[in-house]
Structures are given as C-alpha cells and as structure tokens.
Amino acid sequence: MAQIAKKEHWGSQIGVVLAVAGSAVGLGNFLRFPGQVVNHGGGAFMIPYIISLLLIAIPISMSEWALGRCGGRKGFHSPLGVYHAVSGGRTGWGVLGGLNALAPFVINMYYIFIESWCLLYALQYLGGVLQPLGLGFSIFSEVEPGLRLATTENYSGFFGSLVGISENGSLFKLTSSPLLIATILCAAANFLLIFLGISKGIEKFCKIAAPLILVCAILVIVRVATLGTPEGGSGLSFLDGLGFMWNPTREITLETGEILQTNIWDSLLDPDTWLAATAQIFFSVSICLGAICTYSSYIRPKEDIALSSLSATATNEFCEVVLAGFMAIPPAIMFLGMNAADKFGSSFSLGFVVLPNVFELMPFGQFFGFLFFLLLFLAAITSSMSLVQPTVALFQESFRWSRGASVILAAIINLIGTIIVCWYTQNLVALDVFDFWLANCTPFIFVIIQTSFIIFVWGSANFATELAEGSKIKPPLFIVKIVKYVSFPYLLIIFGFWAWQNLGDRIREVAANRVAQLSFGFFMSLILLLTLLAIMAMNRWKREEQAGIALDPNEKNA
Ligand code: PFF
C-alpha cells in the first residue's frame, strides 16, 4: 500500500500512553462520571460500570490500538486511511472510517465551550486567592474577586447568566463577553498545540499537564477528606460520601421524613442504569471515536501496544473512579445529603453550582476551587486535542495538505459549530442536541461498526498478530475471543435497548424543534462532506497504487 503522509511519530512510549490517557481523562471523568453515579443509585451504578469496563473498555480499546498501529505502519493516520489500508481499499468501509472522524470533531465544537467555563471559573477563583496579597481581580464585573455567592440560588443564577441560559444570542450581545473571548482563546490554544505536531505539541503538553492534574487532584482530595463533618453540611462525613459511591444499598430519607432502604435490584433491573454505565465507559475511555485509532497510528512498529493500551485505560480509571470519585462525590453528599441527586439536575450543576457552593463553605475554599477548575481545564485541553487530530489527519491525507493548512480548515469548520452552540444557549439546547447525537448515540454505532470491521474484515488472526507484535509479555489471546464472542453481542444488546428507550423521543424533537433541525442540518452537511472526501481520497489512493506513483519524499512501498 502506498505511503502517503510524511512520517510523524510519538517521541516515546510513555509519551503515547500519556497522550491517550490525556485524551481519555477529561470533563467526562471529573464532571460526567460523578453526576452519573449520583443520579443512578451510587453503588448500584458501579456494578454495570465495572462489568462494562472489563467486557468493553479493555478489550475494545486494545483492538483499536492494534487497528491504528496496523494502519499507521501502512502510512495512514486518519480513521479513513486506516480503514482503507486495512480493508484493502474497500470503498464502503473506507467511507465508514471517514465518518468516524465526525463524532470527535463535532464533540469538540461544544467541548471547547465547556472548557472555557472551566477557564473562567479557575481565573475567578484565582482573583479571590490573590486578593489578600492586593493582587485580586475579577473576570465578571458584577462579582467580587473569587466566587463567594452565598446561596445555591445565587450560584445557579450566576452559572445560568454566564452561559446565557435564558436567551439565545445573549452571549453575542455583550461585545466583550468574557465567555466568548475565553472560548476563542481555548480554541486557539487547542489548534495551536495541534499545529505544533504529534510529539512537539500534543505529547509535550500532555507530559506537562499530567503531573499538574495529579497534584491539583491530590490537594483537593486531601482537603475534602480532612473536612470532618462540616458545619452547614448535611451532617454526613467523607466516609458516608464514599459509602454512597460504593455501597449499593443504603438508607434515604424521603421528603415526608420516612426512611427507606434502597434495593440494589431496583437499580440493576433498570436498563437505564446499564445504558448509562456503558455510555459513560465509551465516552470516558474515548473508544471507537477515532482518537485512539489515530493516536496509535503514530506509534513505532516495535512498541508494546497491549501494555500501553492497558496503562492508558488504567490511568483513565484511576482518574475517574479514584480521583473524581474522592473529589466530587463525597463533598456533594456531605453538603447535600444522601438525596443529593434530587437537588441537582445535571452533571453541570454538580460541577458549576454544587461544588462551588461547597468550596465556599470549606476553609481555603477559594484556593481549592481554583485547583479544581484548573485541573478540569487542563484535562479538557488534553482531550480536545485528541478530538480534532483525527480530522486534521484526514485533511492532511485526503487533500495531501500540510499540517498547517489542515489545521486552518479544521479550525474554520469547528468555529461554525461552536458559533451554533454559543448562539443557541437558551436552556443549552444546541449543546444538548450536539451532545446527545454525537456523544451518546454515535459512539454506540461506531463501536459496533469498528468491532464488526475488526472481527469480519481485518480478522481475529490479524488482530491477534498485531497485538502480540512488540509485546514484552505475550498478551492473552482470549482478549481476541472476548471481543468477538462477548463484547460484540453485549454491545448489540445494549444498543438495542438504548435505541428503544431514547431514539423515539429524540427523533420527534428533531421534527419539532428548530434548533435541533438546524443542528441536524449541520451534521448532515458534514456527513456529506466527509463522504465525498472519503470517496475522492480513496479513488486517488487506488489510482496511485495502481500506477505505483511516488508522491511523497518518504514514499516507499510497504
Ligand atoms: N474521554 C474524554 C472525557 O472523558 O472527557 C472525552 C473524549 C475525548 C471522548 C476523545 C472521545 C474522544 F475521542
């Protein structure tokens, strides 16, 4: 197969592990996961979560690492190129591979918007931390340095007005809206890092961000764990909060004052708990969304991908279950009680309303609030880079453009989507539509497409050989069998349930809601663009292969 792109590689094995872990560890770990745990019965959620981790995340992410490296060895880095190379140029599969770049790219369009909320909260807290030194500042004219708003209603009102929840277009009315400026800055930082390249941009940044995230998280956890039973709280301690996460049964007090014992089977027999747990694993481990496949295509052929894959997944789980589990869930329970879920609607409320409220009540809360939002911001940036890189690689390969030109085109298209999200902020409707279709629905579809591709087109034997290549310890081959006989049917069942429960209402929403229609039109245009691009690129690659044309100084026949 002709090699078409200039060779880029990760600088080191630890670099690629940190980059993939950086992709996985993000807002999904620190905001979405605690929200899901609290909303789906605490400990009872953890059972399907751990089952999905073992049956889906670990084997499927290994298969994605193997697929990506195989494509990379043939000179391709985008999911389109990888599917093309591995399938031997089958157009249908290539187009599906091309479409694989869509979901991460569109997720990034709203992900950077949320990233900018984290940046502004971090800066606002920093203003409060520096105030005693006479260096205090405030990003928001109506708020003193720091974030001390006294009541949950005030925090909620502040968050609502920050993101323009009451009116579409409100963020654009203030020419100097800090949120718009912050969103532009986040996007610029993102695309600049990608422009700098795989090892000089993405890898370097992940190596700096990873220890910072860890230090911030540990400091916040130590603070939360040493609070005792805080005044102004619900009378529960840190250990009660941990118990909420790990104990499937517990007592809850109803509004009538009646005390009820929860039953583990109520949660386990509810398909919603399984769907939520599986969807959380997809999003959090970043599987089958093109990111791992693209990142692993830059690995050198002789590196141990089984170990790297396991290390990246383990790092993600450590950050999610241990760090986020210790940092966000216990304080919510300590201050709001066992019925915390009834008191906040979404993961956003947990992060941007409940926890700021909690920081205000704890000693040195401004400082810990700053650390918390700084770590969210850093984790979000390392994830966003991986959301865009598959599309940049796609443009580089299919147009045969330089990295710079590809980054500029990706940034322009990204901006259009981000403008839609930032304009239609009433009840965050555009963000919700983008999130549902691209971060909830599409991963289910792509995980099935990719697993079918690996099993039926590439073949289990090739997958096993690729996985073993370069491994210091021979990876157990039952992983291959698990992907085929366990993960795949499990995914089909879960997707069936998910579609049955969710799709009807959401399709009706698209028929009735103007913003959903506009967003859908935008997704369809991107699908069309990616399909045409995929067909055009594959036809050219095939012609070049037949003619044996050398197009790149690096070109060799692999
Ligand atoms: N895993 C990231 C998070 O938890 O926030 C989000 C993400 C990154 C999803 C990259 C998908 C992806 F390809």
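Indexing begins at 1, ligand by ligand and atom by atom, following the structure's order. Small disclaimer: the values here were computed from a predicted structure and weren't measured.
- In this structure, Phe359 and Phe372 have tilted ring planes: the angle between them lies in the 30° to 60° band.
- Ring to ring, Phe352 and Phe373 are close: their centroids are under 6.0 angstrom apart.
- Counting only residues at least two apart or in different chains, salt bridge (charged side-chain N to carboxylate O under 4.0 Å, His left out) contacts with residues 181-202 are absent.
- Protein residues with any heavy atom under 4.0 Å from ligand 1: Ser23, Ala24, Gly26, Leu27, Gly28, Asn29, Tyr111, Phe283, Ser284, Ser286, Leu289, Ala291, Ser383, Ser386, Leu387.
- Among residue pairs with one or both ends in residues 304-332, none qualify as salt bridge (charged side-chain N to carboxylate O under 4.0 Å, His left out); sequence neighbours excluded.
- With contacts defined as side-chain heavy-atom distances shorter than 4.5 Å, the pair Tyr424/Phe434 does not qualify.
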Which atom pairs, one a donor and one an acceptor, fall under 3.5 Å between side chains of residues 407-414 and the rest of the protein, sequence neighbours left out?
unit_1: Asn414; atom_1: OD1; unit_2: Thr418; atom_2: OG1; d: 3.2

